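To start, the structure under review is shown below, and the notes come after it.
Keep in mind that what you see is a predicted model, and the values were worked out from it rather than measured. FYI, side chains are in, hydrogens and waters are out, and symmetry mates aren't considered; it's all heavy atoms of this structure.
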Amino acid sequence: AATGTKGDPKAAWASLHVEDRRLWAAAMVRSRAADKATWAALALGDSDSPVVQASASALAMPRETVSQDKLSESLRAVLTSRDASSRAEAGRTAIVRQSNSLLPDLEGLAKKGDERVLLAVLGAVIETGSTDWDSLIIAGLESDIALVREKAVDAAASGCNKAQHKLLSELLTDADPHVAVRAAAVLYLNVGVRPN
């Protein structure tokens, strides 16, 4: 940190060169310091997209203990970023950390057709097996983009419910054969596992 910034994380962070912020961002958000929420907010609020992305990615790793409330507010700010990759990493982190308070923000991005965020959050649903994000899976199943629909079908496989069954059935005739085959596989597997 620069001279005169001792005890002031904001000033210390601002005094670092961008290359140093990129180097230290992931370590700072995962530190066990008492003020780790402050460092997470600073890193997630950085003006440099690679710093934000690295920070969000680090916060999605196991054993991270930043307060959920403070982290959710920082992630919410990143979800409004103009940088698609930063929004996507923040969305992924929200799913991994089960930040359910961010569901309306993620739904809003899905409605706007933010495919980067949808792909990232659906990937996180697959990765975690989380079942609290059905509205995002449904948004993915309804996407105009085949790649997003494919990812949504895979996410639906982790916890297919009756609302998703209807959409998956409609995808059996999807123009993209990858989507149709995936939907058929998920429905087939669920028929044998779940009672009607």
Side-chain angles (χ1 to χ4, degrees), residues 21-22 25-30 36-37 39-161 163-164 167-168 179 182 186:
R21 294 194 320 268
R22 288 177 182 176
M28 294 306 292
V29 300
R30 292 184 56 80
K36 61 187 161 208
W39 289 107
L42 288 169
L44 288 170
D46 200 88
S47 60
D48 183 64
S49 294
V51 170
V52 175
Q53 293 163 34
S55 301
S57 183
L59 285 164
M61 292 178 182
R63 292 186 351 152
E64 182 43 52
T65 59
V66 172
S67 159
Q68 191 77 299
D69 293 338
K70 291 179 181 178
L71 181 61
S72 291
E73 287 310 308
S74 296
L75 288 172
R76 179 171 282 118
V78 178
L79 290 172
T80 64
S81 169
R82 286 184 287 179
D83 180 63
S85 296
S86 296
R87 289 192 312 272
E89 276 300 328
R92 178 180 173 278
T93 300
I95 301 294
V96 171
R97 293 183 59 95
Q98 292 289 304
S99 298
N100 293 8
S101 65
L102 295 176
L103 180 59
D105 303 86
L106 295 171
E107 288 172 337
L109 291 170
K111 285 178 186 170
K112 290 179 184 174
D114 193 327
E115 67 187 80
R116 294 284 293 274
V117 170
L118 260 176
L119 286 169
V121 299
L122 292 171
V125 168
I126 294 165
E127 175 188 335
T128 62
S130 178
T131 58
D132 297 331
W133 310 96
D134 284 347
S135 60
L136 298 175
I137 294 171
I138 290 169
L141 291 171
E142 295 173 338
S143 174
D144 293 334
I145 301 162
L147 182 61
V148 174
R149 291 193 308 275
E150 284 181 45
K151 187 74 86 170
V153 169
D154 292 345
S158 67
C160 189
N161 62 39
Q164 294 168 356
L167 287 168
L168 287 168
V179 174
R182 277 189 160 97
V186 170

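- In this structure, Leu136 CG and Leu122 CG are separated by 7.0 Å, a value rounded to the nearest 0.5 Å.
- Here the straight-line distance linking atom CG of Leu102 with atom CG of Leu79 works out to 6.0 Å at 0.5 Å rounding.
- To the nearest 0.5 angstrom, Ser47 atom OG is 5.0 Å from Arg21 atom CZ.
- The shortest side-chain heavy-atom distance between Trp133 and Val121 does not fall under the 4.5 Å cut-off.
- Closest approach of Arg30 to Ala58, counting heavy atoms only: NH1-O, 3.2 Å.
- Minimum interatomic distance between Ala146 and Val179 (heavy atoms only, all atoms of both residues): O-CG2, 3.6 Å.
- Within the 4.5 Å cutoff, the side chain of Ile137 has heavy atoms near those of the Val125 side chain.
- For the residue pair Ala25 and Val51, the shortest heavy atom distance occurs at CB-CG1, 3.8 Å.
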Donor-acceptor pairs are to be reported for all side-chain atoms of residues 109-119 against protein atoms at under 3.5 Å, with residues two or more places apart or in another chain.
unit_1	atom_1	unit_2	atom_2	d
Asp114	OD1	Arg116	N	3.4
Asp114	OD1	Val117	N	3.2
Asp114	OD2	Arg87	NE	2.6
Asp114	OD2	Arg87	NH2	2.9
Arg116	NH2	Ser85	OG	2.4

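- Residues Leu44 and Leu75 form a side-chain contact, since some pair of their non-hydrogen atoms from C-beta on lies under 4.5 Å apart.
- At a threshold of 4.5 Å between non-hydrogen side-chain atoms, the residues Ser135 and Leu103 count as touching.
- Contact record, Ser101 with Asp105: O-OD1, 3.8 Å, taken as the closest heavy-atom pair.
- A donor-acceptor pair is defined here as one N or O able to donate and one able to accept, closer than 3.5 Å; no such pair exists between the side chain of Arg149 and the backbone of Glu142.
- Contact detail for Ser57 and Arg92: the closest heavy-atom pair is O-NH1, 4.4 Å.
- Using modelled atom types, one side-chain atom of Thr93 and one backbone atom of Glu89 make a donor-acceptor pair closer than 3.5 Å.
- If you take CG on Leu42 and CE on Met28, they are separated by 8.5 Å, rounding to the nearest 0.5 Å.
- Interatomic distance, CG of Asp48 versus CD of Gln53, reported as 8.5 Å (0.5 Å rounding).
- Smallest separation of non-hydrogen atoms from Val29 and Ala43: CG1-CB, 3.7 Å.
- How far CZ of Arg76 is from CG of Leu106: 9.5 Å, rounded to the nearest 0.5 Å.
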